[in-house]
Amino acid sequence: MGQITFKRDYVSKTFDEILNDVLSSLRQQGYVIASRSDISYILIESMAYIIENLLFYLDLQFNELFIDSAVTDEAILNLAYQLGYQRRAANPATLIVPSTAATVNEEVRNESISINRLSRITIEGTPINLEPPDSFYTWPNKPADYYYQGVLQSFTYTGGIERFTSIDLSVPAGKQPAHGFIIAVDLEGNVFYPYQPDVLNISGQNNRYFLVYYYNDKIKVLFGDGNFLALPSGVDITFYYLVTDGYNYLLPFLEVILNSSSGISYIEGTNMETIEQIRYYAPRFYWFGNRFITLNDIKQGIYLYNPNYVAKVYEEKIGIFATPKVRVNVYKRARLGLSQLSDTEKENLKNYLKERMPFGTDVEIVSLVDRLIEVVVEVSVVPEPFADRRNLATAIENAVASEFANFDFGGTINVGQIWESVNEVSGVLSATVSILPQGNASGRFETKPDGASIPLQYSALADYIFSLREVRVSFVQ
């Protein structure tokens, strides 16, 4: 997915400009250089080359100080964290399994915590064994019948924890850190949890927390000063954390569950927030003291509440002295398309938002099916020779669905991003992508064409939201 960055020219000078400036200054002082082979000219030329390189790196470092012009992932993340922005890591896919249908193995069990692996589920009398990558775990302080997809990691830090100790926990290639799924136990059995601003106490554990920062290839853990955030006791402390496939994981026997009466249910995972999303949201994030200040804060708050929710937020002003009112049009994301929230889900979301809204602000939660713009994505593919077309079509469908999952709350479809993702699928030689809005979509969106009048972007108007109905894959040869 491409990035749009803003470049600041702190010291913008080319090699020729530097050389000409020096030569011009010398001529004004009466110094004459006979030819380009003159030793003086060679030295000046070498100096100009060195200065150009120094200015390039000075310019690069200067741009890395600003989130809208930084180009390295780590700089963008560090700047976002300095703004108080909290990156959302991956949400693991979840199986909800009644105890009668679950068989578990003990992975971690001591006096302080217990983490079990779901080794088998029984669906209508038929057992299904679960092996990596289809591994699901329980987690402390989570419901006992919830099992989260991923790979359990552990790391023991030796040498003792001092004030403001920082520890890096590695994330294996191809995996994503699961948001909030990290816990630490010291030698005395004290359990430490990720710090959450809106949670004052977890099971009476006082102030045993640590700060967590999520990067692409690691999790950075930071302990406190020993007062506001307590420090572990003893020399060693062991971390347990979950890395997951997020939205990229698809349960292989999902249809079996959906067509059974076993009582087992499945919640789809979500991917970690991308660098592009962080670059967009962090400078616009003003959430302070667990209170929303801007409409964008509300959107971000909904995302943190449930990453599978897709929302548009509007402020309604009726009369000068009317109570401020915020209107939220929200849906649940599925692998294909969006669905409405139940009355209970809308009420729970409303209560969550009202606790964080400015005093006196009213909140209306709607889930309007007539505001959805359903689209079909048609993909025409030239496959590689001997490619398995059935598996290739599935991979292309997943790539398109993943792009829709990353769009900014359903607001804009970027055809170029979908095209890039499809052409990156293994087995695709080349492909074209077409967007087909369904039904009476006229007047609900606008397009931004290129020079050949082919739309590059589809932008939903008002409070409309795009919903992916179907991906149609055809092969040219």
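These numbers come from a predicted model, not from an experiment. If you read the sequence from its start, that first residue is 1, and numbering goes on from there.
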Centre-to-centre under 6.0 Å for Y148 and Y137, is that the case here? no
In short, salt bridge (Lys or Arg N to Asp or Glu O under 4.0 Å) pairs touching residues 96-105 with sequence neighbours left out are none
CG (L258) and OH (Y266) are apart, to the nearest 0.5 Å, by 10.0 Å
When rounded to the nearest 0.5 Å, the distance separating CD1 of I167 from CZ of F239 is 4.0 Å
- Are R117 and E107 within salt-bridge range, i.e. N to O under 4.0 Å? yes
Are any side-chain N or O atoms of E124 and backbone N or O atoms of S261, one a donor and one an acceptor, separated by less than 3.5 Å?
yes
Distance col, row M272:CE vs R88:CZ, nearest 0.5 angstrom, shows 12.0 Å
Review point. Between Y458 and F466, how do the two ring planes meet: parallel, tilted or perpendicular, split at 30° and 60°?
Key: perpendicular
Interatomic distance, OG1@T103 vs CD1@I128, rounded to 0.5 Å, equals 11.5 Å
Check for a donor-acceptor pair, side chain of S367 on one end and backbone N or O of V330 on the other, with a separation under 3.5 Å.
-> yes
Contacts of A395 meeting side-chain contact (heavy atoms from CB on, under 4.5 Å) (sequence neighbours excluded), chain-then-number -> V425
Quick note, salt bridge (Lys or Arg N to Asp or Glu O under 4.0 Å) partners involving residues 241-253, not counting sequence neighbours, are K175-D245
Between Y249 and F136, what is the ring plane arrangement, given parallel below 30°, perpendicular above 60°, and tilted in between? perpendicular
To the nearest 0.5 Å, atom CG of D73 lies from atom CZ of R279 at 8.5 Å
Residues passing the side-chain contact (heavy atoms from CB on, under 4.5 Å) test with K218, sequence neighbours excluded, are E74, D168, Y215, K220
Answer yes or no: is there a side-chain heavy-atom contact under 4.5 Å between L231 and E162? no
The salt bridge (charged side-chain N to carboxylate O under 4.0 Å, His left out) partners of R469 (sequence neighbours excluded) come to E374
- Item | pair F181-I219: side-chain heavy atoms closer than 4.5 Å | no
Backbone of Y241 reached by a side-chain donor or acceptor of Q153 within 3.5 Å:
no
Salt bridge (Lys or Arg N to Asp or Glu O under 4.0 Å) pairs touching residues 232-243, sequence neighbours excluded, are none
To the nearest 0.5 Å, atom CG of N105 lies from atom OG of S119 at 4.0 Å
